[in-house]
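Have a look at the structure below, then the notes.
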Amino acid sequence: MSDAPRFRFAPSPTGFFHVGGARTALYNWALALRTGGTFVLRIEDTDESRNSPEWTQGIIDALAWLGINSDSPQFEGPYFQSANAELHKAAAMRLWQQGDAYWCDLTAEQIQARAKENGKQGYDGYSRDRGLEPGPGRVLRFRVPAGVTVVRDLVRGDVEFQNDTIEDFVLLRGNGSPMFLLANVVDDIEMRVTNVVRAEEHLPNTPKQQMLWAALGRTPPVWAHVPVLVNEQRKKLSKRRDKVALEQYRDEGILAAAMTNYLMTLGWAPSGDTEIVPWSRIVEEFRLEDVNHSPAFFDVKKLAAFNGDYVRMLSPAEFIAAAQPFVRGEMPWPAERFDDAVFAQVAPLIQTRIGALSDIPSMVDFFFLTDPPVDADAWAKTMTADFAADVLGAMADGLRTAEWDHESIKSVLDGFTESRGLKLGKTQAPVRVAITGRTVGPPLFESIEILGRDESLRRLDAALAKVR
RNA sequence: GCCCCCAUCGUCUAGUGGCCUAGGACACCACCCUUUCAAGGUGGCGGCACGGGUUCGAAUCCCGUUGGGGGUGCCA
């Protein structure tokens, strides 16, 4: 048996893949790669009915998108916690037989009443020495030993917990099903997990799990509790308020490389003065010991900036390939009007102008639409210039005879601009609106060239008719 | 209430007792470049929460305060 480390990643089926979970997955994966270890995926729910094949496939796809490929020899799973219920129960019975657990018949109401009576919250250990046998409705509780539990954590150092502040927690429910704390430990033992990297919110649970490891006669794994991701209110990212679904960022055209890179800079930083680094460098340099202790704000703006950088790093061919899902399907233009050759020419012009890939359609739609929508404000702002009709007319006249290349097209407008003593920045505006419908967009002359003589003239003439 | 964690520019971070008049990135501002918008270039704004120690010397170590976060389920 190999002694290579085994890192488990254990998301629970919540219906989507949380960006915080994605970061933890990345941590585990980077570590597995560097150490030659294994990334163990376990779908975490003790209740089988909550597992969904769709969700499991979704998470495998999302992991693959991040570069954590289930085909890799260093990837193991998915395992399903709910499939191990018998093992969990057996461990619980063993704990009972060796005296580390006991049965309790108190209801939630009774526990609360007792707590109120003795002025303390939580369960008071009432059934500890009552020697109850198992029975319907009875829960099995762990007998928390006296003393101190020290959690040795790679990120936080040694964290001490006084055992008398930890109540005798439930191992088996009244219906006999196992609780996750127990299930977790048993599965980790079963799957020979050596390293647990998870979010900080689990730290208070850790002494309980560590006591279970000890009671089961095993050495606990190496723990690492990494800081949570928070929103601008400094609260843990929540599904209700925040955009936390990894899939959503993927669908909006955030590049996987940008997402992984950005996620890794939350709570950690590569050496040197730049945060934009290839994954190989991250694998080389990432250390749990270097991870920050405080929560990090998930800044969508910075993610967009990272993504912009990664989009610009793409070769033209790569960019065109990456853009495909965002120019096909439900689009502002009729599908049959889309032209690959045209898009190939346009692509380099828009590559520096987009944040996410989903920005593409609104930037290129005028190439594929017969009558692109004209922005009312843009029209009002540009077509009221006293030279508007003149420039449109001059442009149309010039284009009819010009050579159809970038220089010639430009010289037509240059000629008009010079003759009027105006700035090109001003005279191009009405032309741009006539051609594209907007005041902003890809470079004008290139756009006209790509659009072609007939269509360009048609739009110019149409605009001219409206202005006069 | 009790337990635990945390605290460097607005944000993400570098910093592990002298290299710190605290470095970088995002955002913001200005200028340059420029056919719009971007991209790019240059520069600017801006921070060690507070109070005590320890030390020749503290952002860095200790204590306290304040502030934030998490946990405290027969949820995971």
Side-chain angles (χ1 to χ4, degrees), chain A residues 10-14 44-47 50 81 104 106-108 111 119-123 137-141 151 153 155-156 159-162 164-167 169-181 183-184 199-207 225 227-228 230 232-236 262 265-276 290 292-306 308-309 311-312 349-355 363 378 382 409-410 413-414 417 423-429 431-433 436 438-447:
Chain A
S12 48
T14 47
E44 200 93 330
D45 206 307
T46 55
D47 183 351
R50 279 195 296 255
Q81 181 157 76
C104 175
L106 253 40
T107 62
I111 290 170
K120 277 189 184 168
Q121 293 209 332
Y123 176 69
R138 291 183 178 177
V139 301
L140 187 70
R141 286 181 180 275
V151 173
D153 188 286
V155 174
R156 283 153 215 286
V159 185
E160 277 191 17
F161 295 84
Q162 299 296 325
D164 57 17
T165 65
I166 300 170
E167 66 176 42
F169 52 95
V170 173
L171 264 19
L172 252 31
R173 297 186 181 88
N175 67 6
S177 65
M179 294 284 288
F180 97 103
L181 230 38
N184 238 277
E200 186 192 351
E201 63 207 72
H202 293 286
L203 186 53
N205 279 332
T206 311
H225 289 90
V228 294
V230 297
E232 48 279 272
Q233 280 95 238
R234 301 252 114 209
K235 297 257 193 282
K236 197 171 74 167
Y262 176 62
T265 65
L266 259 22
W268 178 80
S271 63
D273 271 351
T274 170
E275 296 176 317
I276 306 281
D290 297 335
N292 260 213
H293 298 179
S294 42
F297 170 51
F298 185 81
D299 186 355
V300 177
K301 267 178 139 176
K302 189 159 180 176
L303 203 214
F306 269 53
D309 271 11
V311 166
R312 272 167 249 126
L349 303 178
I350 61 171
Q351 198 168 346
T352 60
R353 291 176 166 77
I354 59 162
M363 199 152 290
T382 57
I409 294 167
K410 179 173 189 295
L413 188 56
D414 276 342
T417 304
K423 285 240 166 57
L424 190 52
K426 290 197 80 83
T427 55
Q428 62 90 37
V431 180
R432 175 179 294 282
V433 173
T436 73
R438 303 190 193 89
T439 53
V440 300
L444 182 58
F445 306 124
E446 287 81 348
S447 296

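Not measured: the values here are computed from a predicted model. Reminder, nothing fancy here: chain letters follow the sequence lines and each chain counts from 1.
Separating the OH atom of A/Y262 from the P atom of B/rA25 is a distance of 16 Å, rounded to the nearest angstrom. As a whole-Å value, the separation of A/Q428 CD from B/rA38 C1' is 13 Å. Between the CZ atom of A/F161 and the P atom of B/rU72 there is a distance of 12 Å, given to the nearest Å. As rounded to whole Å, 21 Å separates atom P of B/rA25 from atom CZ of A/F298. Per the geometry, CG belonging to A/N184 stands 10 Å off P belonging to B/rA76, to the nearest Å.
In the set B/rA76, B/rG71, B/rG69, B/rG69 carries the atom at the smallest distance from any side-chain atom of A/V228. Ranking B/rC3, B/rC5, B/rU35 by closeness to the A/L444 side chain, first place goes to B/rU35. Which of B/rA38, B/rU35, B/rC12 sits closest to the side chain of A/E275 comes down to B/rC12. Of the candidates B/rA76, B/rG24, B/rU8, the closest approach to any side-chain atom of A/S294 belongs to B/rU8. Picking from B/rA76, B/rC5, B/rA38 the nucleotide with the shortest atom distance to the side chain of A/E44 gives B/rA76. With B/rC74, B/rU11, B/rA38 as the choices, the nucleotide that has an atom nearest any side-chain atom of A/D299 turns out to be B/rU11. Side-chain proximity of A/N205 to the nucleotides B/rA76, B/rA14, B/rG70 is greatest for B/rA76. You'll find that the side chain of A/P204 is closest to B/rG71, out of B/rU13, B/rG69, B/rG71. The side chain of A/N292 approaches B/rA14 more closely than any other nucleotide in the set B/rU36, B/rA76, B/rA14. Looking at the side chain of A/T165, the nearest of the listed nucleotides B/rC3, B/rA76, B/rU36 is B/rC3.
Separation of the P atoms belonging to B/rU16 and B/rC75 is 47 Å when rounded to the nearest angstrom. Separation of the C1' atoms belonging to B/rC12 and B/rG51 is 29 Å when rounded to the nearest angstrom. The C1' atoms of B/rA22 and B/rG47 are separated by 9 Å, rounded to the nearest whole Å.
Taking side-chain N and O atoms only, A/K120 has no distance below 4.0 Å to OP1 or OP2 of B/rC2. Contact annotation: A/K426 side-chain N/O to B/rU35 OP1/OP2 distance is not under 4.0 Å. Contact annotation: A/R234 side-chain N/O to B/rG10 OP1/OP2 distance is not under 4.0 Å. At the phosphate of B/rC74, neither OP1 nor OP2 sits under 4.0 Å from any side-chain N or O atom of A/T107. Side-chain nitrogen and oxygen atoms of A/R432 include none within less than 4.0 Å of the OP1 or OP2 phosphate oxygen of B/rC37.
Across all non-hydrogen atoms, the minimal contact from A/D299 to A/Y262 is N-OH, 2.8 Å. The minimum heavy-atom distance between A/L444 and A/V431, with the atom names listed, is CD2-CG1, 3.9 Å.
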For this session: Decide yes or no on side-chain contact (heavy atoms from CB on, under 4.5 Å) for A/L172 and A/V139, but give the supporting numbers first.
Result: CA-CA 5 Å; A/L172 252 31; A/V139 301; 6.0 Å; no

For this session: Given side-chain contact (heavy atoms from CB on, under 4.5 Å), test A/H225 with A/H202 step by step and report yes or no.
Result: CA-CA 7 Å; A/H225 289 90; A/H202 293 286; 4.0 Å; yes

For this session: Starting from the C-alpha separation in whole Å, work towards a yes-or-no answer on side-chain contact (heavy atoms from CB on, under 4.5 Å) for A/N184 and A/Q81.
Result: CA-CA 8 Å; A/N184 238 277; A/Q81 181 157 76; 4.1 Å; yes

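Judged by closest nucleotide on RNA chain B, A/F297 is the one of A/F297 and A/D309 placed further toward the 5' end. Residue-to-nucleotide proximity on RNA chain B shows that, of A/A305 and A/G267, the 5′-proximal contact is made by A/G267.
Nucleic acid contact class of A/Q162 (heavy atoms, under 4.0 Å, all strands): none. A/E232 comes within 4.0 angstrom of no nucleic acid atom, judged by non-hydrogen atoms across all strands. Nucleic acid contact for A/K423: none, since no nucleic acid atom lies under 4.0 Å from a heavy atom of the residue.
Between the side chains of A/S177 and A/R173, at least one donor N or O sits under 3.5 Å from an acceptor N or O.
Under 3.5 Å, the side chain of A/K302 and the base of B/rA25 form at least one donor-acceptor pair of N or O atoms. The base of B/rC5 lies outside donor-acceptor range of the side chain of A/R156, with no N or O pair under 3.5 Å.
Within the 4.5 Å cutoff, no side-chain heavy atoms of A/M179 are placed close to those of A/F169.
The partner of B/rC28 is B/rG44, judged by Watson-Crick or G-U wobble contacts that both fall below 3.5 Å. Look at B/rC2: its Watson-Crick or wobble partner, with both distances under 3.5 angstrom, is B/rG71.
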